[in-house]
There are 2 protein chains.
Amino acid sequence: MLTIGSLGKKTGTKVQTIRYYEQIGLMPEPGRTEGGQRRYGDAEVDRLSFIRHSRQLGFPLEAIRELLDLSDNPDRSCHEADSIARRQLKQVELRMDRLKALRTELKRMIHECSGGNTADCKVLEVLRDHSECLTDHDEIGA
Amino acid sequence: MLTIGSLGKKTGTKVQTIRYYEQIGLMPEPGRTEGGQRRYGDAEVDRLSFIRHSRQLGFPLEAIRELLDLSDNPDRSCHEADSIARRQLKQVELRMDRLKALRTELKRMIHECSGGNTADCKVLEVLRDHSECLTDHDEIGA
DNA sequence: CTTGAACCTCTAGCAACTAGAACATTTAGA
DNA sequence: TCTAAATGTTCTAGTTGCTAGAGGTTCAAG
């Protein structure tokens, strides 16, 4: 039986995060000691690892909820899990494209900066002038 | 003199967002009509464009605050603006690296999925098994 | 003068945690 | 067995960068 702290260490998860997952129903309510402390078994280690790994792959918690659901019902079609993963791949590729464009523009603007004072700073100039900009995405924040 | 709505249209910013920027002190408090409605001039268009463009390049609002500050003081060294931009470039490159690893793993897991039911779904299997994982970044969510 | 679009403030919500206060329990050593 | 430190508990509020809604006011056109 693991304490919440050792579960956290085993899975690379902060204690607060585990409690948060419990609160939103991603993790089950675990057993407690007499004194009221949480105690976990192997099933919880597995489940939390699954969640963390999925998070590292960028899946949003709602997608993970679905995936866990699928995982709990071994007779359902694999199709759904596959399509969730494909959706996620698309997101990742979209973000990569956007980041590529950003990198290009950032590099250009840094490259052209030659020091001096801000009056003729290329960085600021580029930011001021939107016209040469390659990126006209509506979405923001990579 | 522009209303908040037309300023928004000109700069591709939602009205709520403009008011939010004002609230956190990124945009100045504008003049008002007798009836209390905001009215903007050219300076505000420029400032908001600067902000939006910077946001599109992924700069966090705090960095933009610094950049605006530099921009307001033309005699200060360009060095600071440059280093903010470089910091941002580093962030972007870091994110790209991470996304590349994620894409690889997602592709692998989708590729290996052959249909059937979830009992032997590769997607779920990969998520369950952390051992083959390429990504062991602490940070999450690309 | 009326109508309807656009404005106003204020509050709450989103994702996915993170941090802190104030207190309780557990565990290992003396 | 006692005690002190480490770890646990709940609860609330903060983070970032907005977005949405309620409920009311102002503006400009016809």
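Here is how names work: the chains are called A, B, and so on, in the same order as the sequence lines, proteins then strands, and each is numbered from 1. From a predicted model like this one, the values you see are computed outputs, not experimental measurements.
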Asks: Measure the distance from CD1 on A/I51 to C1' on C/dA16 and round it to the nearest whole Å.
Replies: 13 Å
Asks: If you measure from the Lys or Arg side-chain nitrogens to the Asp or Glu carboxylate oxygens, is any gap between B/E29 and B/R38 under 4.0 Å?
Replies: no
Asks: Quick check on D/dC18: is either OP1 or OP2 less than 4.0 Å from any side-chain nitrogen or oxygen of B/R55?
Replies: yes
Asks: Distance check needed: C/dC7 P versus B/M1 CE, whole Å only.
Replies: 16 Å
Asks: With respect to the phosphate group of D/dC18, does any side-chain polar atom (N or O) of B/Y21 fall under 4.0 Å of OP1 or OP2?
Replies: yes
Asks: Please tell me which of A/V15 and B/T3 maps to the more 5' nucleotide of DNA chain D, matching each residue to the nucleotide holding its nearest heavy atom.
Replies: A/V15
Asks: Over how many whole Å does the gap from B/K9 atom NZ to C/dC7 atom P extend?
Replies: 8 Å
Asks: Looking only at atom types and distance, does a side-chain atom of A/S6 sit under 3.5 Å from a main-chain N or O of A/L2, one as donor and one as acceptor?
Replies: no
Asks: Measuring only between side-chain heavy atoms, which start at C-beta, is B/F59 closer than 4.5 Å to B/R65?
Replies: no
Asks: From CD of A/Q56 over to P of C/dC17, roughly how many Å is that when rounded to an integer?
Replies: 11 Å
Asks: Are any of B/R52's side-chain N or O atoms less than 4.0 Å away from OP1 or OP2 of D/dC18?
Replies: yes
Asks: Nearest whole angstrom, please: distance from the C1' of D/dA20 to the CZ of B/R19.
Replies: 12 Å
Asks: Just the rounded figure in Å: distance from C1' of C/dC17 to CD of A/E22.
Replies: 15 Å
Asks: Phosphate oxygens OP1/OP2 of C/dT18: is one of them under 4.0 Å from a side-chain N or O of A/T17?
Replies: yes
Asks: Is a side-chain donor-acceptor pair under 3.5 Å present for B/T33 with B/R39?
Replies: no
Asks: Provide, to the nearest angstrom, the distance between the CG atom belonging to A/L61 and the P atom belonging to C/dA16.
Replies: 4 Å
Asks: In terms of side-chain geometry, is the basic nitrogen of B/R47 or B/D72 positioned less than 4.0 Å from the acidic oxygen of its partner?
Replies: yes
Asks: Using a strict cut-off of less than 4.0 Å between a Lys/Arg side-chain nitrogen and an Asp/Glu carboxylate oxygen, indicate whether A/K90 and A/E93 qualify as a salt bridge.
Replies: no
Asks: Kindly indicate whether the side chain of A/I24, heavy atoms from C-beta on, has any atom under 4.5 Å from the side chain of A/L61.
Replies: yes
Asks: Test salt bridge (charged side-chain N to carboxylate O under 4.0 Å, His left out) on A/R19 and A/E22; report intermediate values, then the result.
Replies: CA-CA 5 Å; A/R19 288 199 277 249; A/E22 181 184 328; over 6 Å; no
Asks: Strictly below 4.0 Å, N to O, side chains only: are A/D82 and A/R86 in salt-bridge contact?
Replies: yes
Asks: Under 4.0 Å between any heavy atoms, over every strand shown, what does B/I4 touch: base, sugar-phosphate, or nothing? Just pick one.
Replies: sugar-phosphate
Asks: So what does B/F59 hit on the nucleic acid, given a heavy-atom distance under 4.0 Å: a base, only sugar-phosphate, or nothing?
Replies: nothing
Asks: Name every residue in residues 32-48 of chain B that has at least one heavy atom under 4.0 Å from any atom of DNA chain C, in order of residue number, or write none if there are no such residues.
Replies: B/R32, B/G36, B/Q37, B/R38
Asks: Identify all pairs in which a protein N or O lies below 3.5 Å from an N or O of nucleotides 11-13 of chain C, and state each distance.
Replies:
none

Asks: What is the distance, to the nearest angstrom, from the CD atom on B/Q16 to the P atom on D/dA22?
Replies: 13 Å
Asks: So, for B/L127 and A/S54, which heavy atoms are closest and what is the spacing to 0.1 Å?
Replies: CD2-OG, 3.5 Å
